[in-house]
**Student:** 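The following block contains the structure, expressed as structure tokens.
Side chains are part of it too, since the values below use all heavy atoms of this structure and drop only hydrogens, waters and symmetry mates.
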Amino acid sequence: MLLCFQKKIKLESKTEQLAIINQFSSSLLHITQLDELFDYVTREVVSKLGFVDCVIYLTDKSGSMLQEVASMGVGYTMPSDTSMHLSDNDATRALSDTPYQIEVTQIPISEGITGFVATSQQPFVSGDVSQEARYVADSRPALSELCVPLVYESETLGVIDCEHPERDYFTEAHIQILSTVAHLLSAKIYQLRTFANLQATVKQLNEAQLIEQSLLKIANVTYGSRKLDQFYDDIYQVISALLPADNFFIGLYDTTQDALEIDFLVEAGIKCDAHHRVSKDQLKNTASYYLLTKGQSLLCSESQFHAHIEAGDFTLVGREPKSWLGVPFQVNDNVKGVIVIQSYHSESTYDEHHQSILTYISRQVAMAIDRQLSRRALEHRALHDELTGLANRYLLIEHMKHAILCLDRKASEQLHALLYLDFDRFKSINDSLGHDVGDRFLVAICGLIKSCIRKTDTFARLGGDEFAIFMENVNSKQQVAIAIERIILALSKPIQIDSHVLQASASIGVAFTNNVDDKALELLQQADAAMYEAKSSGRGQIRYFNNAMRKKLKRQADIENDLQTGIKNQEFELYYQPIFSLNNPKVISFEALVRWHHPRNGLVSPMEFIPVAEQTGQIMELDLHLLRLAAKQLYAWQCEGMLTRVTVNVSSRHFASLDFVKYIHQLYEDYDLKMGSLSLEITESGLIENLSLATKIIKGLEPMGVKLYLDDFGTGYSALGYLHQLPIHVIKIDKSFVDQLTNRANPLVDAILSLARSLDLDVVAEGIENPKQWALLKRKGCQFGQGYLVSKPLPKEDAYRFYQEYEHQEEAHL
């Protein structure tokens with residue numbers, strides 16, 4: 001029995017040892033994992049070489065500790081007196097089949113025999129460790145110990161430590177064979193570690209490259225996507241390639257409204273309908289709100305998530321996740337955001353690396369969303385009215401175009417209706433109470449109208465106090481009439497702005513379309529024409545577009561088309577109406593009035609084509625053409641010895657550019673005109689808001705003696721406010737006031753004449769048709785007049801003869 005034991009524990013023959021070592025060397029080529037290597041060394045190599053006890057220790061990263069990584073051995077017990085010499089029978093009894101387990105798995109490198117071997121890099125053998133000062137006994141002490149270092153290229157990797165319960169067990173042969181195993185093992189450990197490091201480096205490089213590619217994709221998505229929904233889709237594709245993100249959402253928190261908008265949501269890998277708003281009451285107990293208030297990212301395992309719930313940080317909504325990762329971000333001063341990914345599977349959990357990736361991506365997403373929101377805000381401002389937030393003219397027309405194109409796809413007989421609204425007396429409220437009150441009054445009116453129409457209707461501000469409502473897909477004209485009744489009823493209620501109680505009313509024009517061939521702009525023109533008919537009928541009226549209006553529009557369209565040709569073909573002629581002194585019948589000057597000799601329609605009244613020219617902008621070119629005609633005629637009269645003055649009516653649009661001054665200067669130079677012989681008239685309603693620029697233009701005309709006549713004075717609301725600021729020279733009293741003159745005093749005419757005297761302005765009374773008007777005006781101190789009592793507008797030849805009949809008067813005024 002003892003002989004068998006001794007044979008078992010002794011080293012095998014030299015030939016068997018070499019065979020085991022050779023097999024070990026060959027097997028090392030196929031081993032790719034450290035755990036597999038250590039198991040193979042202890043189980044297939046060391047044990048077969050005859051060692052009964054073996055532990056492999058590796059140094060930790062800090063180099064201060066030896067960590068046990070593998071062990072092999074047969075369990076044995078020792079007598080309490082470990083100093084006594086074991087007999088063979090004692091040794092036999094000591095080796096048993098007790099399961100072997102290493103109790104000391106971590107040893108400081110500065111302690112014990114293993115520490116000495118690791119630091120000295122030299123093998124150590126002892127036949128009686130009880131005599132060794134370095135020996136540190138454990139719960140299973142031994143007597144013999146052999147420890148060899150694991151060293152590769154001067155770097156200590158660890159040690160192989162073997163023990164035996166007999167004294168003087170290990171021989172030189174044991175040292176040699178175990179050192180050979182250690183040498184081969186060290187080389188393989190270094191190789192596998194190097195390979196693992198290379199793999200980790202490659203993995204990091206691949207991850208870095210993937211992140212870089214992802215960031216490039218995000219950049220492309222940011223600048224390429226025009227809509228946030230598409231942007232979120234593209235962002236999710238990028239994130240899901242980097243992270244397990246089967247449950248994912250992006251939320252935007254509006255700090256001004258204290259609500260979270262779920263902009264994008266994926267559950268179990270499936271995109272869900274988002275864009276639902278979570279109020280603060282619903283939100284405040286969630287992990288997302290906790291994240292937003294803390295302003296820090298949060299990574300939770302299942303137990304950590306549960307701990308937060310137990311601590312009252314937030315409550316559980318839905319299932320408890322296996323892993324949860326959320327990252328907050330700041331978009332702008334008013335919007336915060338949060339990106340959250342959740343996993344409900346143990347095999348898909350998140351770590352600090354995922355947290356770093358999502359944090360970095362969240363910053364890019366924040367910048368991208370900020371740009372998207374800024375772009376969306378710019379687009380909204382480009383398509384909406386700044387004051388009311390309503391659609392503007394461009395957006396209204398685009399909606400109309402799209403709706404009209406869809407008409408041929410509708411099986412049922414449906415209509416589109418356009419309501420054109422003009423708020424009555426808004427200008428007087430604006431001028432008398434100020435723009436701030438006027439603006440708030442408009443906003444209040446719009447709020448009332450919004451409550452009367454469908455959410456699908458397009459409510460637009462066209463400019464000033466003109467608005468439109470496009471009602472798409474109405475079933476009947478009666479449906480539109482009912483909507484108008486609701487609007488009128490809503491506007492009938494007084495509106496209080498500060499201390500002012502204001503009453504709103506609107507003139508409404510309505511036009512319909514049910515034909516895919518109709519044009520949006522034509523429909524707008526039709527509703528506009530109907531509105532003007534309503535406005536001319538009194539306040540709060542409604543008119544529907546009809547054939548009579550259609551003919552009128554056709555007439556206006558023809559005029560617009562013919563105006564350009566008329567200018568080119570010299571179809572316009574100036575007539576001249578004398579302006580005379582009331583104190584004696586002397587002609588002071590002439591007002592030039594345009595007439596159009598249309599080749600098909602004959603003589604066209606200015607009342608027909610001037611409004612069209614103003615509306616289309618053709619008035620600018622027409623005015624310049626008429627000014628040149630007047631200058632040319634003045635030159636001809638000057639050559640014949642007729643020294644007079646001519647005033648030409650011009651649009652207020654000319655007083656928005658200094659180029660107009662250059663044009664007048666050029667006319668004076670081209671026709672060698674006398675100082676002040678060519679002057680200008682504008683209507684009171686045409687006074688411009690840019691007083692600074694208008695003043696510069698008028699001042700720029702002074703070197704040529706050009707005077708500015710204010711026509712139709714008293715018919716508007718703005719003149720008294722502007723009159724003292726603009727360098728006006730002459731006021732013309734409107735004919736409507738002259739018509740009302742009687743034997744009794746007329747307070748308005750008296751007020752105008754008094755105002756003119758205080759501002760040192762000349763006054764011309766228009767429309768004098770009888771001697772009584774002449775006499776009253778003269779008695780009140782009016783200097784000049786104009787009207788059929790003296791002469792109607794005359795062609796240039798007749799005007800020349802008329803002038804010759806009267807001895808003209810040279811006066812300082814006019």
**Student:** Side chains of Leu448 and Ile495: does their closest heavy-atom pair fall under 4.5 Å?
**Tutor:** yes
**Student:** In Å and rounded to the nearest 0.5 Å, what is the CG to OG distance from Asp351 to Ser323?
**Tutor:** 8.5 Å
**Student:** What distance do Arg461 atom CZ and Leu421 atom CG have between them, rounded to the nearest 0.5 Å?
**Tutor:**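 Going from CZ on Arg461 over to CG on Leu421, the span is 13.0 Å.
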**Student:** Are any non-hydrogen side-chain atoms of Tyr236 and Ile250 less than 4.5 angstrom apart?
**Tutor:** no
**Student:** Looking only at atom types and distance, does a side-chain atom of His416 sit under 3.5 Å from a main-chain N or O of Ala403, one as donor and one as acceptor?
**Tutor:** yes
**Student:** So which heavy atom on Val340 is nearest to which on Ser288, and how close?
**Tutor:**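 Taking every non-hydrogen atom into account, CG2-OG, 4.0 Å.
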**Student:** Using side-chain heavy atoms (C-beta onward) and a distance below 4.5 Å, is Thr513 in contact with Met400?
**Tutor:** no
**Student:** Distance-only, no hydrogens or angles: does the Tyr350 side chain make a donor-acceptor pair with backbone N or O of Pro244 under 3.5 Å?
**Tutor:** yes
**Student:** Kindly give the heavy-atom pair with the smallest separation between Asn392 and Ala382, and that separation in Å.
**Tutor:**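 For Asn392 and Ala382, the tightest heavy-atom pair comes out as ND2-O, 2.7 Å.
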**Student:** Does His500 form a ring pair (Phe, Tyr, Trp, His ring centres under 6.0 Å) with Phe441? I'd like the steps, not just the answer.
**Tutor:** CA-CA 10 Å; His500 310 289; Phe441 182 48; over 10 Å; no
**Student:** Within the distance-only criterion (no hydrogens, no angle test), does the side chain of Asp39 pair as donor or acceptor with the backbone N or O of Arg43 below 3.5 angstrom?
**Tutor:**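 Flag not set: sc Asp39 to bb Arg43 has no pair under 3.5 Å.
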**Student:** Is the count of non-hydrogen atoms from other residues, nucleotides or ligands lying under 6.0 Å from Gln33 atom CD greater than 12?
**Tutor:**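 No, not enclosed.
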**Student:** If you measure from CD1 on Ile404 to NZ on Lys519, what distance do you get to the nearest 0.5 Å?
**Tutor:** 9.0 Å
**Student:** Taking atom types as modelled, is there a side-chain donor on His402 or Glu398 under 3.5 Å from an acceptor on the other?
**Tutor:**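 There is no such pair between these side chains.
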**Student:** Roughly how far, to the nearest 0.5 Å, is CG of Asp498 from CG of Asp436?
**Tutor:**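 Between Asp436 CG and Asp498 CG, I get 7.0 Å after rounding to 0.5 Å.
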**Student:** Would you say the side chain of Leu390 lies within less than 4.5 Å of the side chain of Cys446, judging by non-hydrogen atoms?
**Tutor:**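 The answer is yes, as the side chains (C-beta and beyond) meet within the 4.5 Å cut-off.
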**Student:** Find out whether Lys294 and Asp313 are in side-chain contact, i.e. whether some heavy atom of one side chain is under 4.5 Å from a heavy atom of the other.
**Tutor:** no
**Student:** Checking Phe305 against Leu316 for the side chain to side chain contact (heavy atoms under 4.5 Å, CB included) test, could you report, in this order, the C-alpha distance in whole Å, the side-chain angles of both residues, the deciding distance, and whether it holds?
**Tutor:** CA-CA 9 Å; Phe305 195 83; Leu316 179 64; 3.9 Å; yes
**Student:** How about Gln496: does its CD atom have over 12 heavy atoms from other parts shown lying under 6.0 Å from it?
**Tutor:**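 Atom CD in Gln496 is crowded, with more than 12 foreign heavy atoms closer than 6.0 Å.
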**Student:** Is a side-chain donor or acceptor of Ser348 paired with a backbone partner of Ser343 at a separation under 3.5 angstrom?
**Tutor:** no
**Student:** Got a second to check how far Ile469's CD1 is from Leu418's CG, nearest 0.5 Å?
**Tutor:**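 Answer for the CD1-CG pair, Ile469 versus Leu418, is 9.0 Å.
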**Student:** Check residues 480-489 and write down every donor-acceptor pair under 3.5 Å in which the side-chain atom is one partner and the other belongs to a residue at least two apart or another chain.
**Tutor:**
| residue | atom | partner | partner atom | Å |
| --- | --- | --- | --- | --- |
| Arg486 | NE | Cys452 | O | 3.0 |
| Arg486 | NH2 | Cys452 | O | 2.9 |

**Student:** Contact between Phe470 and Leu523 at the side-chain level, heavy atoms closer than 4.5 Å - yes or no?
**Tutor:**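 A side-chain contact under 4.5 Å exists here.
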**Student:** Quiz question: by atom type and distance under 3.5 Å, do the side chains of Ser303 and Ser301 form a donor-acceptor pair?
**Tutor:** yes
**Student:** I need the Leu66 CG to Asp60 CG distance, nearest 0.5 Å.
**Tutor:**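 The distance works out to 8.0 Å.
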**Student:** Should Val437 and Leu502 be marked as a side chain to side chain contact (heavy atoms under 4.5 Å, CB included) after you check the CA-CA gap, both sets of side-chain angles, and the distance that decides it?
**Tutor:** CA-CA 10 Å; Val437 172; Leu502 306 175; 4.2 Å; yes
**Student:** Could you tell me which non-hydrogen atom of Ser240 sits nearest to which non-hydrogen atom of Ala245, and how far apart they are?
**Tutor:** CA-CB, 4.4 Å
**Student:** Checking the side chain of Thr156 only, and the main-chain atoms of Ala118 only, is there a donor and an acceptor separated by less than 3.5 Å?
**Tutor:**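 Yes.
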**Student:** Measure across Met72 and Thr42 and return the closest heavy-atom pair with its distance rounded to 0.1 Å.
**Tutor:** CG-O, 3.5 Å
**Student:** What are the two closest non-hydrogen atoms of Glu472 and Asp457, and how far apart are they?
**Tutor:** N-OD1, 4.0 Å
**Student:** For the pair Asp370 (side chain) and Ala366 (backbone), establish whether a donor and an acceptor sit closer than 3.5 Å, ignoring hydrogens and angles.
**Tutor:**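 Such a contact is absent between Asp370 side chain and Ala366 backbone.
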**Student:** Val338 versus Phe249: any side-chain heavy-atom pair under 4.5 Å?
**Tutor:** yes
**Student:** Where does the angle between the aromatic ring planes of Phe264 and Tyr232 fall among parallel (under 30°), tilted (30 to 60°) and perpendicular (over 60°)?
**Tutor:**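 Rings of Phe264 and Tyr232: tilted, as their planes differ by 30° to 60°.
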**Student:** Do we see a donor-acceptor contact under 3.5 Å between the side chains of Glu466 and Tyr420?
**Tutor:** yes
**Student:** Whether the side chain of Ser186 engages the backbone of Val151 through a donor-acceptor N/O pair (distance < 3.5 Å, no angle test) should be reported.
**Tutor:** yes
**Student:** Is the closest side-chain heavy-atom distance between Met471 and Ile453 below 4.5 Å?
**Tutor:** no
**Student:** Can you confirm whether the side chains of Gln230 and Asp234 place a donor and an acceptor under 3.5 Å from each other?
**Tutor:** yes
**Student:** Give the C-alpha distance, both sets of side-chain angles, the deciding distance and a yes or no for side chain to side chain contact (heavy atoms under 4.5 Å, CB included) between Leu462 and Leu524.
**Tutor:** CA-CA 11 Å; Leu462 303 177; Leu524 187 62; 4.2 Å; yes
**Student:** Using the six-membered ring wherever Trp is involved, compare the ring planes of His384 and His380 and label them parallel, tilted or perpendicular (cut-offs 30° and 60°).
**Tutor:**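 Ring orientation of His384 relative to His380: parallel.
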**Student:** Please check if any side-chain donor atom of Tyr344 sits under 3.5 Å from a side-chain acceptor atom of Asn247, or the reverse.
**Tutor:**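 There is no such pair (donor and acceptor under 3.5 Å, judged by atom type) between the side chains of Tyr344 and Asn247.
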**Student:** Report the C-alpha separation of Phe467 and Leu442 in whole Å, then their side-chain angles, then the decisive distance to 0.1 Å, and conclude whether the side chain to side chain contact (heavy atoms under 4.5 Å, CB included) test is met.
**Tutor:** CA-CA 10 Å; Phe467 293 77; Leu442 272 186; 3.8 Å; yes
**Student:** What heavy-atom pair brings Ala187 and Tyr152 nearest, and what distance separates the two atoms?
**Tutor:**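 Minimum heavy-atom separation between Ala187 and Tyr152: CA-CD1, 3.7 Å.
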